[in-house]
Asker: 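The structure follows.
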Amino acid sequence: AALPGPAPADWAQAPLDPAVRAVLVGFDEHFSYAKLCQALRYLLRGGPDCLLVGTNRDHRLPLEGGTAIPGTGCLVKAVETAAQREAFVIGKPNRYMFDCVASEFDINPARTIMVGDRLDTDILMGNTCGLTTLLTLTGVTTLDEVKGHQESDCPARQSLVPDYYVDSIADILPALGD
């Protein structure tokens, strides 16, 4: 999306598709100010009847060598800030995704394990849904963070504690062969 003209008044007057009833914010390596303006205009035009949906709130995506790039949560937060309203997040840690899968398949939460590398998304969703949780320490989470949550009296922090952890997902591969 490009800005339609040189001035803010031009940006606010560009035609909008009348069929649009939702703004979906997901990972977009081409996110721009023009897209942010367009999202806000759709949300303002539709008011509360125009849905604001986010795919996830991951604030960083870890890369090899300890570096990271901004995650989708940064884009969701930008649209939320402009629109002055909160997005309905369909991905982790919201249980919406799990409920959709569980409605299609016969899933027994007591026999299901959630494996992930983030406490605030993967482990929180697993714990919220009554799943066993396994943290891999290959992402943004450190064992010191886990210990801090584990030692806390705060229920919100306790909900981030996994049942188990491994250094790498490769550590559980031998057990899968049995």
Side-chain angles (χ1 to χ4, degrees), residues 1-105 107 114-131 133 135-136 138-142 145 149 154-157 159-160:
L3 292 172
D10 299 320
W11 310 337
Q13 300 302 321
L16 296 175
D17 183 338
V20 171
R21 301 249 190 301
V23 171
L24 173 65
V25 184
F27 183 78
D28 181 357
E29 68 271 16
H30 301 289
F31 188 80
S32 65
Y33 187 76
K35 289 181 180 182
L36 180 60
C37 288
Q38 189 174 22
L40 175 60
R41 291 188 59 229
Y42 277 115
L43 292 165
L44 290 174
R45 181 195 69 187
D49 292 333
C50 185
L51 300 175
L52 174 54
V53 180
T55 58
N56 65 72
R57 291 199 182 276
D58 292 7
H59 58 279
R60 283 189 310 183
L61 301 177
L63 302 173
E64 289 184 43
T67 63
I69 59 172
T72 302
C74 298
L75 308 181
V76 172
K77 186 55 98 176
V79 177
E80 287 178 330
T81 300
Q84 296 180 330
R85 63 191 256 204
E86 194 169 325
F88 175 70
V89 177
I90 58 173
K92 302 172 293 183
N94 190 318
R95 70 174 295 130
Y96 178 80
M97 181 175 26
F98 177 77
D99 290 341
C100 288
V101 172
S103 73
E104 291 290 319
F105 302 96
I107 295 177
M114 175 67 176
V115 178
D117 65 357
R118 296 182 75 102
L119 296 178
D120 61 342
T121 55
D122 306 320
I123 301 307
L124 179 57
M125 185 183 109
N127 288 339
T128 300
C129 296
L131 312 176
T133 54
L135 175 71
T136 63
T138 53
V140 297
T141 301
T142 66
E145 285 179 80
H149 292 305
C154 174
R157 290 188 67 191
S159 68
L160 300 174

Asker: Enumerate donor-acceptor pairs with a distance under 3.5 Å from any side-chain N or O in residues 2-16 to protein atoms, sequence neighbours excluded.
Answerer:
from  : atom 1 : to   : atom 2 : distance (Å)
Asp10 : OD2    : Ala7 : N      : 3.1
Trp11 : NE1    : Gly5 : O      : 2.8
Trp11 : NE1    : Ala7 : O      : 3.4

Asker: Sub-3.5 Å donor-acceptor pair from the side chain of Asn94 to the main-chain atoms of Val89, do we have one?
Answerer: yes

Asker: As an exercise, state the distance from CG of Leu131 to CE of Met125, rounded to the nearest 0.5 Å.
Answerer: 6.5 Å

Asker: Do Asp58 side-chain atoms and Gly71 backbone N/O form a donor-acceptor pair below 3.5 Å?
Answerer: no

Asker: Ala87 and Gly54: which non-hydrogen atoms are nearest, and at how many Å?
Answerer: CB-N, 4.0 Å

Asker: Rounded at 0.5 Å granularity, tell me how far CG in Asp117 sits from OG1 in Thr136.
Answerer: 4.5 Å

Asker: Any carboxylate oxygen within less than 4.0 angstrom of a Lys/Arg side-chain nitrogen, looking at Asp122 and Arg118?
Answerer: no

Asker: Among Asp28, Leu24, Leu75, Val25, which residue meets the side-chain contact (heavy atoms from CB on, under 4.5 Å) test with Thr55?
Answerer: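 Answer after filtering Asp28, Leu24, Leu75, Val25: Leu24.
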
Asker: Taking atom CZ of Arg45 and atom CZ of Arg21, what is their separation to the nearest 0.5 Å?
Answerer: 7.5 Å

Asker: With rounding to the nearest 0.5 Å, note down the distance linking SG in Cys129 to CG in Asp99.
Answerer: 6.0 Å

Asker: Check Leu160 against Asp120 and note the closest heavy-atom contact, atom names and distance.
Answerer: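 Answer, listing the atom of Leu160 first, then Asp120: CD2-CA, 3.9 Å.
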
Asker: Verify the neighbour count for atom OH of Tyr96: are there more than 12 heavy atoms of other residues, nucleotides or ligands below 6.0 Å?
Answerer: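 Incorrect, the count does not exceed 12.
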
Asker: Do other residues, nucleotides or ligands put more than 12 heavy atoms under 6.0 Å from the CZ atom of Arg60?
Answerer: no

Asker: Which is it for Thr128 and Phe98 under the side-chain contact (heavy atoms from CB on, under 4.5 Å) test, yes or no, and what are the steps along the way?
Answerer: CA-CA 10 Å; Thr128 300; Phe98 177 77; over 6 Å; no

Asker: Can you tell me which residue pairs pass the side-chain hydrogen bond (donor to acceptor under 3.5 Å, both in side chains) test with a partner in residues 61-87, sequence neighbours excluded?
Answerer: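 Pairs touching residues 61-87 that pass the test: Arg57-Glu80.
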
Asker: Closer than 3.5 angstrom, by distance alone: can the side chain of Arg95 be matched with the main-chain N or O of Lys92 as a donor-acceptor pair?
Answerer: no

Asker: Mind listing the closest non-hydrogen atom pair of Ala83 and Leu43 along with its distance?
Answerer: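 Nearest heavy atoms, Ala83 then Leu43: CB-CD1, 3.7 Å.
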
Asker: Rounded at 0.5 Å granularity, tell me how far OG1 in Thr141 sits from NE2 in His149.
Answerer: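 So the OG1 of Thr141 and the NE2 of His149 are separated by 8.0 Å.
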
Asker: Quick check: do Tyr42 and Asp17 have side-chain heavy atoms less than 4.5 Å from each other?
Answerer: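 Touching, per the 4.5 Å side-chain cut-off.
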
